[in-house]
Amino acid sequence: VNTGRLRAASFAAQRPPQAKLLVVASDGRITHTERARLDHVLRAGDLVVANDAATLPASLSGTHGPSGAPIEVRLAGRRTLRADDVHAFSAIVFGAGDHRTRTEDRAAPPPLHAGDVLQLGPLRATVQRTLGHPRLIELRLEGTVDAIWAGIARHGKPIQYAHVQEPLALWDVWSAIAALPAAFEPPSAGFVLDWALLHALHQRGIGFATLTHAAGISSTGDAVLDARLPLDEPYHVPPTTVAAIERARREGGRVVAVGTTVTRALEHAARHGRLRAGDGLADQRIGAATQLRVVDAIVSGAHEPGSSHHDLLRAFVAPPVLQRADRALLARGYLTHEFGDSVLIERSDRRHVTAVTSARWASVAPQHPPRTRGPGTTPHS
Amino acid sequence: MHMAHDSFHGLRVAVTGGTSGLGLALVRALHASDAHVAFVARDATRVARTAASLPGTHGIVGDVARKSDTHRIALQIHTALGGLDVLINNASSLGPVPLKLLADTDCEELEAALATNLVGPFRLTKAVLGALGAAARDGRAARVINIGSDAAVTPYARWGAYGASKAAMQHLSRIWDDELREHGVRVIALDPGDMDTPLHALALPDADPATLKRPDDAAREILERLAASWRQPAEVT
């Protein structure tokens with residue numbers, strides 16, 4: 001059944017029992033396992049870092065005031081994660097229709113101008129300006145902070161795409177650890193997590209920490225707009241997570257990022273060298289040229305070559321390894337997209353910054369106990 | 001760790017059934033103690049009135065018994081408070097009123113009591129568990145308080161739907177507490193005692209209010225129990 005193209009998972013189950021995990025080790029060796037056994041791929045002392053952003057119902061249907069035309073507004077970005085910063089959003093606007101039509105085939109919205117009023121269910125918004133593209137706007141929602149959140153909660157629907165036809169509910173897109181509603185699309189690598197896995201990590205001496213990152217829109221159906229993705233994404237890294245990462249590093253554990261959003265946030269927070277706690281706005285692209293400072297391995301969905309998610313993996317391994325992984329995904333029938341199968345890719349040895357860092361890896365035996373002090377190497381210091 | 005554990009200042013608390021009886025008393029007491037409070041209730045007018053009377057509190061309109069409301073409520077709790085430390089599942093349904101013998105209780109009436117008193121709080125707790133876990137990892141005291149009843153323990157005739165739902169909730173609380181302890185989240189079932197509330201008046205219209213506990217006193221006791229629970233820290237790892 002090798003059709004030459006990976007198939008998309010079309011059913012909204014976060015943890016199908018048959019979900020698969022492809023593992024690329026730091027030496028390039030590829031193995032396959034059940035995704036529910038992720039903890040067995042990790043070692044005591046490793047630290048799993050996940051994105052605990054809950055997903056907003058960011059698709060708002062309504063009408064364009066001046067023309068009366070039906071529109072779908074997909075909230076796409078915000079400057080901060082502050083709960084009271086809820087008036088100004090960037091957004092992508094579609095014409096009539098809904099997610100069941102492929103975004104590439106969706107009708108364009110009527111021409112949008114500053115000052116246009118958009119009625120979105122109970123919410124009223126005004127177009128502030130277009131952002132270099134007729135379908136990408138900055139809008140301003142009217143009302144009190146609580147009223148706007150209530151309007152979004154009641155009227156909004158999760159952003160979704162044609163590969164899943166059934167309408168998604170919030171519980172389909174909130175991961176098991178979803179907390180502050182900040183993501184515009186689910187940070188779906190986190191679908192791998194459930195509380196049984198968190199328990200298993202705890203039992204095996206593998207650390208668990210979180211950050212919050214406003215995962216943005218993954219596709220607009222417009223090549224020009226898609227080339228601008230990912231948009232800037234605000235994030236927050238708690239001090240306890242920085243402390244956990246520093247401890248893992250000190251003790252020879254690997255930092256395992258669950259998803260591209262965690263990778264983007266951590267690498268942005270460490271862009272000046274030292275990882276900093278607090279709020280930030282991730283505006284960088286991660287790709288082959290990126291020197292990873294924090295993340296040692298990534299858990300991600302399976303993605304088609306050519307997608308921006310796939311490009312990010314080049315920061316971890318060289319193209320030939322990635323090509324072998326892609327062939328293995330295809331040969332084994334891995335499913336792509338948010339409800340599909342997963343990969344765990346460890347940063348290849350050649351990308352280690354210094355000899356000191358490599359020595360750190362060599363010194364870690366699989367049975368290394370969790371809280372034992374390592375030899376005191378402090379890479380990236 | 002969160003504050004000195006002897007103050008509610010800055011504590012992020014959500015209370016269901018927050019516009020009457022014990023829930024309202026809890027919202028008032030928490031508001032007076034400088035906690036950040038969000039409360040949930042079904043009636044939009046009463047929610048607005050309560051929120052207006054207690055400036056700084058956040059009123060959320062929703063029905064915990066409805067599955068489709070759960071995540072909408074959780075979303076608004078999280079955004080109103082910027083996270084969550086304590087969820088108080090207080091909203092409660094008596095089941096059929098006037099109270100009925102079990103043999104006269106329609107199965108739909110039993111299901112409705114279970115929806116409000118068991119399945120609803122279970123679902124809402126699940127929806128906020130990520131936030132509670134994040135609070136615990138931040139060194140804050142993450143707690144779920146499920147308001148119970150002595151009807152969960154004693155088999156009172158005519159209290160079948162209510163008593164069975166409260167008994168199930170109490171057991172669920174114990175199991176969940178055992179499972180979540182390692183993540184730093186504690187789940188506590190508390191019996192506030194017989195109070196002078198609209199719910200009690202509905203069940204026993206002839207009861208003498210003078211013999212019943214005042215909701216304000218019950219609320220104060222519950223907050224004392226909550227504060228006491230901070231002194232038994234969970235194993236946050």
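What you see is a predicted model, and the numbers here were worked out from it, not measured in a lab. In what follows, chains are A, B, ... by sequence order, proteins preceding strands, each numbered from 1.
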Parallel, tilted or perpendicular, as decided by the 30° and 60° cut-offs, for the rings of A:Trp174 and B:His71: perpendicular
A:His199 side chain near B:Glu179 side chain, heavy-atom distance below 4.5 Å: no
Heavy-atom contact with chain A under 4.5 Å, split by part of B:Val128: neither
Point-to-point distance, once rounded to the nearest 0.5 Å, from CG of B:Leu129 to CG of A:Leu198: 9.5 Å
Partners meeting side-chain hydrogen bond (donor to acceptor under 3.5 Å, both in side chains) with A:Thr210 (sequence neighbours left out): B:Arg137
Which portion of B:Lys67 sits near chain A, non-hydrogen atoms under 4.5 angstrom: both
Exceeds 12 heavy-atom contacts within 6.0 angstrom, atom CZ of A:Arg82: yes
Contact residues of residues 27-57 of chain B (partner chain A; heavy-atom separation under 4.5 angstrom): none
Sidechain-backbone polar pair: B:His78 side chain, A:Ala179 backbone, donor-acceptor under 3.5 Å: yes
Pairs of heavy atoms under 4.5 Å with chain B: top-ranked of A:Leu56, A:Asp84, A:Ile177, A:Asp52: A:Ile177
Listed partners of B:Ala218 passing side chain to side chain contact (heavy atoms under 4.5 Å, CB included), at least two apart: B:Leu22, B:Pro192, B:Met195, B:Lys213
Distance in Å, B:Ile60 CD1 paired with A:Asp146 CG, rounded so as to fall on 0.5 Å steps: 7.5 Å
A:Arg79, CZ atom: more than 12 neighbouring heavy atoms under 6.0 Å: no
A:Ala169 portion near chain B, given a 4.5 angstrom heavy-atom threshold: neither
Counterpart residues, side chain to side chain contact (heavy atoms under 4.5 Å, CB included), relative to A:Ala214 (two or more places apart): A:Leu81, A:Ala182, A:Phe184, A:Pro234
A:Ile152 CD1 to B:Thr79 OG1 distance, which is reported to the nearest 0.5 Å: 8.5 Å
Side chain to side chain contact (heavy atoms under 4.5 Å, CB included) between B:His183 and A:Trp195, intermediate numbers included: CA-CA 9 Å; B:His183 305 290; A:Trp195 290 83; 3.7 Å; yes
More than 12 heavy atoms of other groups within 6.0 Å of A:His40 NE2: yes
A:Glu142 atom CD: more than 12 heavy-atom contacts under 6.0 Å: yes
Spacing of B:Ile73 atom CD1 and A:Arg154 atom CZ [to the nearest 0.5 Å]: 9.5 Å
Value rounded to 0.5 Å, distance of NE2 in A:His155 from CZ in B:Arg72: 11.0 Å
